[in-house]
Amino acid sequence: MQPSASDHVKRSARRIDVVVRSRLRYGGCKQVEVELANLSFGGFCAVCGVAFKPGEFVSIDLPDIGLVRARVAWCAGGRIGAGFVSPVDIRRSSAVAAA
């Protein structure tokens, strides 16, 4: 499901394009390798081989920050978009410094 126009208003934080391998944890103890495509203070988008439903909770391992809890907003075409449960200062991550 792609984000709606109303979701776009909620997702106004500037996104920074990145290409970084990471791990996405879900379902308690499962994990999958992902490639982060962009980050913002409010969330992330990643290329992912697992289908998720909007509303599911996941944790993404951000470089130099660690595991961050997020809620899936959409999942389509091998990609996932999720919003962080609490805003994250992504400037602390080397993924952003390299972008």
Side-chain angles (χ1 to χ4, degrees):
M1 175 166 69
Q2 291 293 331
S4 68
S6 63
D7 290 334
H8 181 67
V9 172
K10 295 178 204 169
R11 299 178 314 121
S12 60
R14 181 174 165 260
R15 287 171 189 71
I16 299 172
D17 292 333
V18 297
V19 179
V20 177
R21 304 283 303 159
S22 185
R23 290 176 300 139
L24 186 72
R25 291 190 180 177
Y26 63 99
C29 61
K30 298 176 187 173
Q31 68 180 18
V32 62
E33 293 289 320
V34 298
E35 183 174 278
L36 288 167
N38 68 50
L39 287 169
S40 75
F41 285 95
F44 69 92
C45 174
V47 177
C48 180
V50 175
F52 293 94
K53 294 179 183 172
E56 285 186 72
F57 285 96
V58 297
S59 295
I60 186 76
D61 190 5
L62 297 178
D64 306 310
I65 294 174
L67 285 174
V68 178
R69 189 115 166 112
R71 189 171 189 177
V72 176
W74 58 270
C75 186
R79 289 181 170 258
I80 180 177
F84 298 133
V85 172
S86 298
V88 175
D89 186 356
I90 60 169
R91 296 173 296 187
R92 297 183 357 223
S93 175
S94 59
V96 171

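One-based numbering along the sequence shown.
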Go through it in stages, so that I can follow the logic: the residues are Trp74 and Ile80, the test is side chain to side chain contact (heavy atoms under 4.5 Å, CB included), and I'd like the CA-CA distance, side-chain angles, deciding distance and then a yes or no.
CA-CA 6 Å; Trp74 58 270; Ile80 180 177; 6.0 Å; no
Knowing that exactly one of Arg25, Gln31, Arg21, Arg23 qualifies, which makes a side chain to side chain donor-acceptor pair (under 3.5 Å) with Asp61?
Arg23
Measure the spacing between OG of Ser59 and CG of Leu24 and express it to the nearest 0.5 Å.
8.0 Å
Check: Ser22 side chain, Val34 main-chain N or O, donor-acceptor pair, under 3.5 Å:
no
Rounded to the nearest 0.5 Å, what separates atom CD1 in Ile90 from atom CG in Leu36?
10.5 Å
Test side-chain contact (heavy atoms from CB on, under 4.5 Å) applied to Ala82 - qualifying residues, sequence neighbours left out
Phe44, Ala70
Ignoring hydrogens, what is the shortest heavy-atom contact between Pro63 and Ser93? Give both atom names and the distance.
O-OG, 2.9 Å
Is it true that Val32 and Val68 fall in one hydrophobic cluster, defined by side-chain heavy atoms closer than 4.5 Å?
yes
Nearest 0.5 angstrom please: Cys75 SG to Lys53 NZ, how far?
11.5 Å
Can you find a heavy atom in the side chain of Phe41 that is under 4.5 Å from one in the side chain of Asp89?
yes
Mind checking the CD-SG spacing from Glu33 to Cys48? Nearest 0.5 Å is all I need.
10.5 Å
Check for me, please, whether Val20 and Val50 land in the same ILVMFWY cluster - side-chain distances under 4.5 Å, paths through other members count.
yes
CZ of Arg79 to CG of Asn38, rounded to nearest 0.5 Å, is 8.0 Å
Would you compute the distance between atom CZ of Arg91 and atom CD1 of Ile65 and round it to the nearest 0.5 angstrom?
10.5 Å
Those residues that, when tested against Arg69, pass side chain to side chain donor-acceptor pair (under 3.5 Å) (two or more places apart)
none
Would you say the side chain of Ile60 lies within less than 4.5 Å of the side chain of Val58, judging by non-hydrogen atoms?
no
Do any N or O atoms from the side chain of Arg71 and from the backbone of Phe57 form a donor-acceptor pair under 3.5 angstrom?
no
